[in-house]
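As structure tokens, the structure follows; a few thoughts come after it.
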2 protein chains.
Amino acid sequence: MLGGSAVHFSLAASFFTDVRVVGPVGADFGDEELGVLEGRGVITDDIERVSGGETFFWRGHYEYDMNVAHTDDTQLNVFADFDPKLSEGSQHAEILFLGNIQPALQQRVRESSNAEFAALDSMNFWLDNEREALVRAIGTVDCLLLNDAEIRELTGEPNLARAARAAMEMGPNVVVAKRGEYGAALFSSDDYFAIPGYLLEDVTDPTGAGDCFAGGFLGYLDSRRAAGDSVLDHGVLRQAMAYGSVLASFNVEDFGTDRMQSLTREQIDERLREFRRITTFEVEAPS
Amino acid sequence: MLGGSAVHFSLAASFFTDVRVVGPVGADFGDEELGVLEGRGVITDDIERVSGGETFFWRGHYEYDMNVAHTDDTQLNVFADFDPKLSEGSQHAEILFLGNIQPALQQRVRESSNAEFAALDSMNFWLDNEREALVRAIGTVDCLLLNDAEIRELTGEPNLARAARAAMEMGPNVVVAKRGEYGAALFSSDDYFAIPGYLLEDVTDPTGAGDCFAGGFLGYLDSRRAAGDSVLDHGVLRQAMAYGSVLASFNVEDFGTDRMQSLTREQIDERLREFRRITTFEVEAPS
């Protein structure tokens with residue numbers, strides 16, 4: 001079914017801002033797939049169709065612990081030889097998200113972009129196989145998003161707070177540790193923030209949750225940037241983390257992109273308020 | 001070194017209320033060990049010294065993931081034949097905590113207590129070896145505290161929210177899922193609450209963190225009960241969860257009971273305010 005980092009990210013971010021998606025697809029990516037993106041207003045001008053090629057493909061499975069995806073098959077396909085050429089519009093996007101793909105490709109896209117705030121997501125596969133290229137790519141971005149176990153692996157530091165500080169020394173001034181159902185933690189030069197996951201009774205498909213988190217997080221940041229706020233403001237980053245969590249929580253309720261297609265901004269804001277209610281405690285006893 | 005569920009719990013709870021500890025010790029438990037408890041005002045009248053006996057002993061180790069304790073040795077020793085006789089004062093305690101030990105023993109203590117709110121902690125060892133006795137003991141208490149993986153194992157339900165509901169059907173009307181460094185979640189008949197862990201850069205020894213959580217949680221609940229509040233009030237339970245997290249976070253900063261011995265109520269309340277600051281997000285954009 002339709003999926004992938006760029007698709008999940010774009011749909012989630014589309015609730016907050018204009019989104020342009022850049023990447024190659026094969027002949028198997030048809031009007032139906034494009035229609036899912038365009039149905040949410042995503043600008044698809046930079047989707048490059050490779051004639052005779054096949055779209056990137058991933059298949060995995062989940063066992064008892066839905067926090068861990070087991071990869072059964074990865075085919076880079078059209079990504080193997082992809083040479084990104086960003087349109088004028090994409091080059092001038094103020095916020096850039098580099099979805100999980102070869103680190104060298106992420107770096108090339110970052111270097112052809114004028115974004116004032118670039119974020120990068122990756123995974124253990126690249127850490128294990130292209131560590132040096134990944135560290136170089138991380139050095140070019142402002143924000144790193146990784147699973148907490150991957151931040152530990154990247155830095156060789158078992159303590160997450162220390163691992164995040166070590167990752168910041170590689171370049172980014174914001175590090176987001178994704179913790180699956182346990183939520184997420186954010187580290188910046190002078191702040192730290194943590195939220196639990198929004199707990200659901202029905203988790204249908206966790207695939208894409210991390211990308212929807214990134215979409216909600218960066219999409220909301222861009223909406224605040226457009227309103228004149230700094231994306232490094234503590235309060236703005238915290239709200240962005242909460243929106244990211246809410247978007248991820250919706251995505252896992254159904255397979256593929258189904259929930260993102262039926263979702264509304266009203267449902268997002270309603271869940272954000274509920275999320276705040278179930279995570280807030282008072283410090284003083286009521287008098 | 002000095003440790004064990006009752007010791008860690010008592011020290012943590014002692015910052016909020018009067019604590020009586022019930023249990024057997026051997027000849028190896030001397031004035032120094034008693035002094036640690038009495039130094040925090042814990043009432044030790046119900047500690048029964050078994051002449052010629054040896055105190056309960058546990059040894060374990062931690063690997064890269066400090067959330068998982070690996071048991072190397074457990075010796076029940078004086079607990080094997082312990083027949084609890086609660087003093088008048090202990091029988092009339094309004095809140096009772098049944099630390100992690102044989103479920104049948106927990107049940108006997110619960111049945112000789114007049115507590116209006118009884119809580120029980122256990123572990124996978126009893127789940128695997130004395131499941132029926134554990135389920136019976138759970139049926140006699142108001143609150144169950146377990147690791148999230150253990151709640152899933154107890155109920156055979158992989159989804160935590162559903163697993164907590166299934167555990168409530170066994171008797172308790174409050175279920176607390178302990179999630180190690182990821183924090184904790186609370187389920188009651190009509191509410192749900194989650195907090196992340198207080199993230200530390202230096203974790204020295206996670207042993208006893210769960211019992212310190214229980215001590216902060218139940219100790220604070222008792223202080224509110226004494227002030228005329230309901231321990232089932234949502235806001236009271238949430239604050240209790242936050243205090244439990246803070247006590248656990250202090251305990252892991254040093255080995256054994258060292259940090260609890262130097263801790264002050266001022267430090268606890270200062271960290272509680274910091275904890276609230278780093279877990280709070282706004283819902284509306286500032287105008």
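Computation of the quantities below employed the complete heavy-atom set of this structure, encompassing side-chain atoms and omitting hydrogens, waters and symmetry-equivalent molecules. Since we're looking at a predicted model, the values are computed, not measured. The sequence lines fix the lettering, A, B, ..., with proteins before strands; numbering per chain opens at 1.
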For each of B:T280, B:D191, B:L160, tally heavy-atom pairs with chain A at distances under 4.5 Å, and name the one with the top tally.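 With the most close heavy-atom pairs to chain A, the winner is B:T280.
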Quick check on the interface: out of B:L186, B:L272, B:V203, B:V236, who has the most heavy-atom pairs with chain A under 4.5 Å?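 Heavy-atom pair counts peak at B:L272.
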When you check the gap from the basic side-chain N to the acidic O, do A:R224 and B:E282 get nearer than 4.0 Å?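 A salt bridge is absent here (no side-chain N lies under 4.0 Å from a carboxylate O).
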Which heavy atom of A:V283 sits nearest to which heavy atom of B:Q239, and what is that distance?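 The pair with the smallest heavy-atom distance is O-NE2, 3.4 Å.
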Mind checking whether A:F193 and B:F281 have parallel, tilted or perpendicular rings, split at 30° and 60°?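 Rings of A:F193 and B:F281: perpendicular, as their planes differ by over 60°.
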Look at atom [atom1] of [X] and say whether more than 12 heavy atoms of other residues, nucleotides or ligands are closer to it than 6.0 Å.
X: B:Q267; atom1: CD; value: yes
X: B:E270; atom1: CD; value: no
X: A:N129; atom1: CG; value: yes
X: B:D18; atom1: CG; value: no

When rounded to the nearest 0.5 angstrom, what distance separates CZ in A:R238 from CD1 in B:I278?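 The distance works out to 8.0 Å.
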For chain B, which candidate among [options] shows the most heavy-atom pairs at distances under 4.5 Å?
options: A:A194, A:A184, A:G235; answer: A:A194
options: A:A161, A:G183, A:A164; answer: A:A161
options: A:L200, A:L199, A:T279; answer: A:L199
options: A:E181, A:H234, A:M241; answer: A:E181
options: A:D148, A:D269, A:L237; answer: A:D148

Which bit of A:R165 is near chain B, if near means a heavy-atom gap under 4.5 Å: side chain, backbone, both or neither?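 Just the side chain, heavy atoms under 4.5 Å.
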